[in-house]
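Structure, as C-alpha cells:
Note that ligands are numbered from 1 as they come in the structure, with each ligand's atoms numbered from 1 the same way.
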Amino acid sequence: MNKVQLKIINPAIQDYLPTYATTGSAGLDLRACIAEPITLAAGETRLIPTGIAIFLDNPNLAAMLLPRSGLGHKHGIVLGNLVGLIDSDYQGELMVSLWNRSENEFTIQPFERVAQMVIVPVVQADFELVNEFVATERGVGGFGSTGRE
Ligand SMILES: O=c1ccn([C@H]2C[C@H](O)[C@@H](COP(=O)(O)OP(=O)(O)OP(=O)(O)O)O2)c(=O)[nH]1
C-alpha cells in the first residue's frame with residue numbers, strides 16, 4: 001500500500017472522506033463538498049469542490065479523476081476535462097469539472113459522489129533526441145494499418 005497524505009480543506013467533508021468501497025476497488029469516490037444543491041443545465045460544465053486535498057509526493061505516482069459509470073450512463077454526467085490528472089506535487093483542493101452532456105438538467109446534491117479517483121504509477125521519461133529510430137516491424141503504420149482481423 002502506498003501512503004498518500006490526505007488533508008481536509010473544508011470541514012464539512014469530515015464524515016465523507018474517500019475510502020475504497022471493497023478490497024478490490026480501483027477507485028475512491030469523490031463527493032461534492034457543497035452546502036446547497038447545484039443544478040447543471042443541459043450542456044453546462046461546473047467546477048465542483050471536493051473539500052479535500054491529497055499530496056502524492058512521489059513523481060512515480062499520479063491520480064486520475066474519472067466519471068462514475070452510473071452518473072455517466074444514466075444521467076450523462078461526466079467530466080468536462082474527460083479525465084482529470086492530479087500531479088504528484090499538487091497540494092490544492094481536488095476539483096471535479098462536471099459536465100452535463102445530457103439534454104436534461106441534473107441536480108447534484110451536497111456530498112453526492114460525483115467522480116472517482118484512481119492512483120496510478122507514472123514513469124517520467126528521460127527523452128533522448130535522435131535523428132532516426134531503429135527500424136521496427138510496425139514502423140510508422142497506425143490507425144488501423146494492421147487491418148481489422
Ligand atoms: O480535474 C482536475 C484536474 C486538475 N486538477 C488540479 C490537480 C492538477 O495537478 C492541477 C493542474 O492540472 P492540469 O495540469 O491538468 O492543468 P493545466 O490546465 O495544465 O494547468 P497548470 O498550468 O496548472 O498545470 O489541477 C484538479 O483538481 N482536478
So, for [atom], does the protein have a heavy atom nearer than 4.0 Å?
{"atom": "atom 18 (O) of ligand 1", "answer": "no"}
{"atom": "atom 27 (O) of ligand 1", "answer": "yes"}
{"atom": "atom 14 (O) of ligand 1", "answer": "yes"}

State, yes or no, whether a side-chain contact exists between [X] and [Y] at a heavy-atom distance under 4.5 Å.
{"X": "Glu112", "Y": "Pro37", "result": "no"}
{"X": "Ile77", "Y": "Pro67", "result": "no"}
{"X": "Ile13", "Y": "Thr50", "result": "no"}
{"X": "Leu30", "Y": "Ile48", "result": "no"}

Original post:
Parallel, tilted or perpendicular for His75 and Phe106, by the 30°/60° rule?
Top reply: tilted
Subject >> Minimum-distance protein heavy atom relative to atom 5 (N) of ligand 1 >> reply: Ile86 CD1, 3.6 Å
**OP:** Could you tell me the residue and atom name of the protein heavy atom closest to atom 25 (O) of ligand 1, and the distance to it rounded to 0.1 Å?
**Re:**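 Atom 25 (O) of ligand 1 sits closest to the protein heavy atom Tyr90 CE1, 4.0 Å.
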Original post:
Just wondering, more than 12 heavy atoms not from Met95 lying within 6.0 Å of its CE?
Top reply: yes
Subject >> Atoms in ligand 1 flagged as close to Gly84, the criterion being non-hydrogen separation under 4.0 Å >> reply: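 Reading through ligand 1 atom by atom, the close ones are 1 (O), 2 (C), 3 (C).
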**OP:** Compare Leu30, Asp89, Leu85, Leu94 and give the one whose heavy atom is closest to atom 8 (C) of ligand 1.
**Re:**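 Heavy atom nearest to atom 8 (C) of ligand 1 belongs to Leu85.
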**OP:** Could you pull out, from Asp87, Asn81, Leu56, the option with a heavy atom nearest to atom 9 (O) of ligand 1?
**Re:** Asp87
**OP:** Quick one: look at Leu65 and ligand 1, take heavy-atom pairs under 4.0 Å, and tell me if it's side chain, backbone, both or neither.
**Re:** side chain
**OP:** Please state which part of Val96 comes within less than 4.0 Å of ligand 1, counting heavy atoms only: side chain, backbone, both or neither.
**Re:** neither
**OP:** Evaluate side chain to side chain contact (heavy atoms under 4.5 Å, CB included) for Arg46 paired with Ile108, printing each intermediate quantity in order.
**Re:** CA-CA 11 Å; Arg46 285 276 284 271; Ile108 307 293; over 6 Å; no
